[in-house]
Protein chains: 2
Amino acid sequence: MDQTPDADARSGPGAPIRSGIPEHGRVPKYYAVKGQLEALLDELGEGGVLPTERELAARFEVARETLRQALRELLIQGRVRRRGRSTVVAGPKLEQPLSLASYTEGVRRQGRVPGRTLIGLERLGADPQLAGQLRIDAGDPVWHLERVLLADGERVGLESTYLAVGRVPGLEDEFDPGSSLYAYLGEKVGISFGAADERIETVLATPREALLIGTPPALPMLLLHRLTRDSADRPVERVRSLYRGDRFSFTTRLEAD
Amino acid sequence: MDQTPDADARSGPGAPIRSGIPEHGRVPKYYAVKGQLEALLDELGEGGVLPTERELAARFEVARETLRQALRELLIQGRVRRRGRSTVVAGPKLEQPLSLASYTEGVRRQGRVPGRTLIGLERLGADPQLAGQLRIDAGDPVWHLERVLLADGERVGLESTYLAVGRVPGLEDEFDPGSSLYAYLGEKVGISFGAADERIETVLATPREALLIGTPPALPMLLLHRLTRDSADRPVERVRSLYRGDRFSFTTRLEAD
DNA sequence: CCCCTTGACAGGTATAGACCACTCCGCTTG
DNA sequence: CAAGCGGAGTGGTCTATACCTGTCAAGGGG
């Protein structure tokens, strides 16, 4: 969870730097405060409630803004979480396999209960880019399904899916937005999945996204763009999944060529 | 590059929210300032130099700290970059394929010139965890190779590799730290690669890492952990790669089961 | 007994001011 | 002309203060 859980991150205290890059040495005060906070988190243990910002600032003898800078980094790393008006020590990250298996499967494998909250299901006309990706004509009707992803009831991500109405005409009537879309497409519609192209990057949540997922604004998120095809290589859906960067990691297995 | 390049991120201005999550409406001032800054960036174009923070704060009639909060988000997103003592409009992200091909290959495919700077090459004893992963005995000698990754001379990442000395005894003498390790292992040592397990997550750079890569501290990074095996499924190396989150995205292709 | 009001208090945002380390340019010096 | 020195100005950090919005628990009213 921490960015340096591994000893391999450092060459050791006295390790020689053989490049022209200077070794700075100087440590900002907020970083020292962060270290003190981390020690405190270990004492408190998972789920423990932190004292208020003002009290911590007084205890460490720094300004509240300085303490907040340290706290902000711990928040981004997922070491602490906001819960109501208090701050608590967080649990470990979830590992999600990068595979065709749905979000449901990945979360279940971690021993957690998956869930979804419907934000919106609407029918609209495809813009040229989307039409090209789904291999339909621009303006053709597409479903736009937007859901918040849950793990043990906790909001952890936001998923936005586009698929052609022509391919799944009965979606609005037949599909339960709280269940797995992949299961529906596979079992009810009879689509067999083929390859998918994915792109992963880190982005910042917009205020709207942060609000929907329930994170502080500007938390780094993992953005997954996926274009799924069926076994005949026809496009099925375009998905944009946004996961809390402090709560998720993705794993994959690469095979030799 | 922006976190909402796609219209699919939004349901539209008047889109109904069908869940119990409230629509907030309020926009912090720094977020409005960020929007004004983005408009300015478009005017300036890639490579354009921004006015100073103090001047921008005066122009938008906000405190410098407020302006800095907006600028900090643009920095994290990779929309702007620090260059010396000035701030410039940044170019697009690099896409790196998630495959066994080396860093070298990925960067070349983007039409850029890859490079590396040696930070350190040392020989040390394996700790129990590393020994288990490399299937050697604890205390057995391992190489630790740490290099800064370059694209067109720009520092974009930090790579830390561990591999058993017994497997590659001549590394220190034969290997040119500025070249591709994969090419050396494949061509000179005669290792044929098999599958690899990878994990991707976002972390914050430590001050040391930020210094080596030349980023502002606490920039979100993409952390790639990889355990590479040969075609006989024996472990070859453990790699910890840290890439600038504002400069990289990773792509992969998932095949059906 | 439950619901709702209400206010204390938490974190979020915004401001002004100060100092520091580093970069970079121009100038001096060899 | 090249190298090196120095100062101006930049972003980085830190402080102190103020006000706002949302949370939550206590207490009053139904």
Side-chain angles (χ1 to χ4, degrees), chain A residues 20-37 48-76 80-90 204-207 210-211 214-219, chain B residues 20-37 49-76 80-90 204-208 210-211 214-219:
Chain A
I21 301 166
E23 188 67 64
H24 212 273
R26 191 173 164 281
V27 175
K29 186 182 278 192
Y30 80 86
Y31 205 79
V33 170
K34 187 178 170 185
Q36 293 180 281
L37 278 172
V49 179
L50 274 76
T52 69
E53 294 179 352
R54 289 167 176 88
E55 186 183 329
L56 288 171
R59 182 188 304 184
F60 298 141
E61 294 178 331
V62 296
R64 185 174 158 226
E65 279 303 325
T66 305
L67 180 108
R68 275 172 60 78
Q69 186 166 0
L71 210 50
R72 177 163 51 237
E73 293 198 4
L74 292 170
L75 207 63
I76 287 173
V80 301
R81 297 166 49 200
R82 293 269 129 88
R83 196 181 58 193
R85 68 176 170 180
S86 56
T87 306
V88 300
V89 182
L204 293 185
T206 62
L211 188 68
T215 61
L219 182 82
Chain B
I21 301 166
E23 188 68 66
H24 212 273
R26 190 172 164 282
V27 176
K29 185 183 278 192
Y30 80 87
Y31 204 79
V33 170
K34 187 178 170 185
Q36 293 179 280
L37 277 173
V49 179
L50 273 77
T52 68
E53 294 179 352
R54 288 167 175 87
E55 186 184 328
L56 287 171
R59 182 188 303 184
F60 298 141
E61 294 179 328
V62 296
R64 185 174 157 226
E65 280 300 327
T66 304
L67 188 277
R68 275 173 61 78
Q69 185 166 0
L71 211 49
R72 177 164 51 236
E73 293 198 4
L74 292 170
L75 209 62
I76 289 174
V80 301
R81 297 166 48 199
R82 294 269 130 91
R83 196 180 58 192
R85 71 177 168 180
S86 56
T87 306
V88 300
V89 183
L204 294 184
T206 64
R208 174 181 181 271
L211 187 67
T215 61
L219 182 82

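Since this is a predicted model, take the numbers as computed values, not measurements. Just so we're on the same page: letters track the sequence lines, and every chain starts at 1.
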Distance-only donor-acceptor test, [X] side-chain atoms vs [N] base atoms, 3.5 Å:
X: A:R68; N: C:dG11; result: no
X: A:E53; N: C:dC9; result: no
X: A:R64; N: C:dG12; result: yes

Any [X] side-chain N or O less than 4.0 Å from OP1/OP2 of [N]:
X: B:K29; N: C:dT15; value: yes
X: A:S86; N: C:dA10; value: no
X: A:T66; N: D:dT15; value: yes

Kindly compute the distance separating [atom1] ([X]) from [atom2] ([Y]), expressed to the nearest 0.5 Å.
X: A:L50; Y: A:R83; atom1: CG; atom2: CZ; result: 11.0 Å
X: A:E53; Y: A:T87; atom1: CD; atom2: OG1; result: 6.5 Å
X: B:L67; Y: B:E55; atom1: CG; atom2: CD; result: 10.5 Å
X: B:E61; Y: B:K29; atom1: CD; atom2: NZ; result: 8.5 Å
X: B:R68; Y: B:R54; atom1: CZ; atom2: CZ; result: 9.0 Å

With a non-hydrogen cut-off below 4.0 angstrom, is B:R82 in contact with a base, only sugar-phosphate, or nothing?
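Sugar-phosphate, no base atom in range.
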For B:R54 and for B:E65, locate the closest nucleotide of DNA chain C by heavy-atom distance; then report the residue assigned to the nucleotide nearer the 5' terminus.
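With B:R54 and B:E65 compared, the 5'-side residue is B:E65.
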Map A:R85 and B:Q69 onto DNA chain C by nearest heavy atom, then report which one ends up closer to the 5' terminus.
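On the 5' side of the pair lies A:R85.
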Between [atom2] on [N] and [atom1] on [X], what's the gap in Å once rounded to a whole number?
X: B:E55; N: D:dG11; atom1: CD; atom2: C1'; answer: 15 Å
X: B:L71; N: D:dT10; atom1: CG; atom2: P; answer: 14 Å
X: A:Y30; N: C:dC20; atom1: OH; atom2: P; answer: 19 Å
X: B:R83; N: C:dC25; atom1: CZ; atom2: P; answer: 10 Å
X: A:L219; N: C:dG12; atom1: CG; atom2: C1'; answer: 15 Å
X: B:R81; N: D:dG11; atom1: CZ; atom2: C1'; answer: 16 Å
X: A:Y31; N: D:dG12; atom1: OH; atom2: C1'; answer: 16 Å
X: A:E61; N: D:dT15; atom1: CD; atom2: P; answer: 10 Å

